[in-house]
Amino acid sequence: MANKEALRELQGRLAERLQEVHSIEHTVGWLAVECAGHAFLFPLAEAGEIFQPGALLSVPHTESWFLGVANLRGALTGVVDLAGFLGLRDRIPTAVREQARVVAFNPALELNAALLIDKLAGLRHADQMTPVAPDDQPQPAFAGGRWLDVSGRLWQELRLSMLPRDERFLRIIGAE
């Protein structure tokens, strides 16, 4: 019970900080999340509201990473398991479900989609991170820069606005 209350408080603080950060222009900031042991950054301007996973209506004949459709504030929204989409896991472990959250896309992106993430890791700003030089490995269009935090952890930016350009994502979500 205490864990649920602590998570609710964290969500409240994150929502307040997201509002503060959205009002500051010219500052690079991200919502930090974790999936299958990997650290990701969602640009604040592209991330929307954060929800607890609720009831999902499954959709037959889709990819295993497409979890189904949820009613998020009255909008039917396709929910994608981010770790599954990225090929980091096949199934969501039961222990992960307790901390998992659904991060909707910012309404400005005009895409009724959300990503299931394993857990929230707070907010990050560019002045707290060190950019990592790109390597020679091919990256999908939605992969942004890579960053190191003060503890030396590597974070990969994911540009949510570019996900609809990925053929697999487009085929399932139906974005244009």
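One-based numbering along the sequence shown. Quick caveat: nothing in here was measured; it's all calculated off a predicted structure.
- Ion pairing between Glu63 and Arg168 fails under the 4.0 Å rule for side-chain N and carboxylate O.
- Remark: of the listed residues Glu157, Arg124, Gln156, Glu157 is the sole one forming a side chain to side chain contact (heavy atoms under 4.5 Å, CB included) with Trp147.
- Both Leu76 and Phe66 belong to a single network of hydrophobic side chains, linked directly or stepwise wherever heavy atoms of I, L, V, M, F, W or Y lie under 4.5 Å apart.
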Problem set entry | Test log, rule side chain to side chain contact (heavy atoms under 4.5 Å, CB included), inputs Ile50 and Val102 | CA-CA 6 Å; Ile50 300 166; Val102 174; over 6 Å; no

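- Rounded to the nearest 0.5 angstrom, Leu111 CG and Leu163 CG are separated by 8.5 Å.
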Exercise. Does the pair Val103 and Leu31 meet the rule for a side chain to side chain contact (heavy atoms under 4.5 Å, CB included), with working shown?
Worked result: CA-CA 10 Å; Val103 179; Leu31 174 65; 4.0 Å; yes

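- A 6.0 Å sphere centred on CG of Asp90 holds no more than 12 heavy atoms belonging to other residues, nucleotides or ligands.
- Between Met129 atom CE and Leu154 atom CG the span is 8.5 Å, to the nearest 0.5 Å.
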Problem set entry | side chain to side chain contact (heavy atoms under 4.5 Å, CB included) between Phe169 and Val80, intermediate numbers included | CA-CA 9 Å; Phe169 195 87; Val80 170; 3.9 Å; yes

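- In this structure, the side chain of Glu49 does not engage the main chain of Ala104 through any donor-acceptor pair within 3.5 Å.
- A salt bridge between Arg91 and Asp81 is absent, with no side-chain N of the basic residue lying under 4.0 Å from a carboxylate O of the acidic one.
- Leu116 is not listed as a side-chain neighbour of Leu82, based on a closest heavy-atom distance of 4.5 Å or more.
- Contact of the Arg146 side chain with the Asp135 side chain is registered, since non-hydrogen atoms from C-beta on lie closer than 4.5 Å.
- For the residue pair Ala39 and Trp155, the shortest heavy atom distance occurs at CB-CE3, 3.2 Å.
- Note: Asp118 CG to His38 NE2 = 10.0 Å, rounded to the nearest 0.5 Å.
- Separating the NE2 atom in His125 from the CG atom in Leu41 is a distance of 11.5 Å, to the nearest 0.5 Å.
- Looking at residues two or more places apart in sequence or on another chain, you find no side-chain contact (heavy atoms from CB on, under 4.5 Å) involving Pro107.
- Of all the heavy atoms in Leu88 and Ala36, the pair that sits closest is CB-CB, 3.8 Å.
- Geometrically, Arg165 does not engage Phe142 in a cation-pi contact, judged by NZ or CZ lying under 6.0 Å from the ring centre and within 45° of the ring axis.
- The existence of a salt bridge linking Arg171 and Asp166 is excluded, since no basic side-chain nitrogen approaches an acidic carboxylate oxygen closer than 4.0 Å.
- Atoms SG and CZ, from Cys35 and Arg89 in turn, are 6.0 Å apart once rounded to the nearest 0.5 Å.
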Problem set entry | Arg101/Glu34 under salt bridge (charged side-chain N to carboxylate O under 4.0 Å, His left out): CA gap, chis, key distance, verdict | CA-CA 10 Å; Arg101 295 292 178 265; Glu34 295 180 21; over 6 Å; no

Problem set entry | Chi angles and distances behind the side chain to side chain contact (heavy atoms under 4.5 Å, CB included) call for Thr77, Asn71 | CA-CA 6 Å; Thr77 305; Asn71 180 347; over 6 Å; no

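- Counting heavy atoms from C-beta outward, Val33 and Phe42 have side chains that approach closer than 4.5 Å.
- Residue Leu72 is not grouped with residue Leu57 when hydrophobic side chains (ILVMFWY) are merged at heavy-atom distances under 4.5 angstrom, including chains of intermediate members.
- In terms of hydrophobic clustering, with Ile, Leu, Val, Met, Phe, Trp and Tyr side chains grouped at heavy-atom distances under 4.5 Å, Leu115 and Val59 are assigned to a common cluster.
- Across every non-hydrogen atom of Ile173 and Ala113, the tightest pair is CG2-CB, 4.2 Å.
- One finds the CD1 atom of Ile117 at 9.5 Å from the CD atom of Gln99 (value rounded to the nearest 0.5 Å).
- Taking 4.5 Å as the limit, every side-chain heavy atom of Leu44 sits out of range of all side-chain heavy atoms of Asn106.
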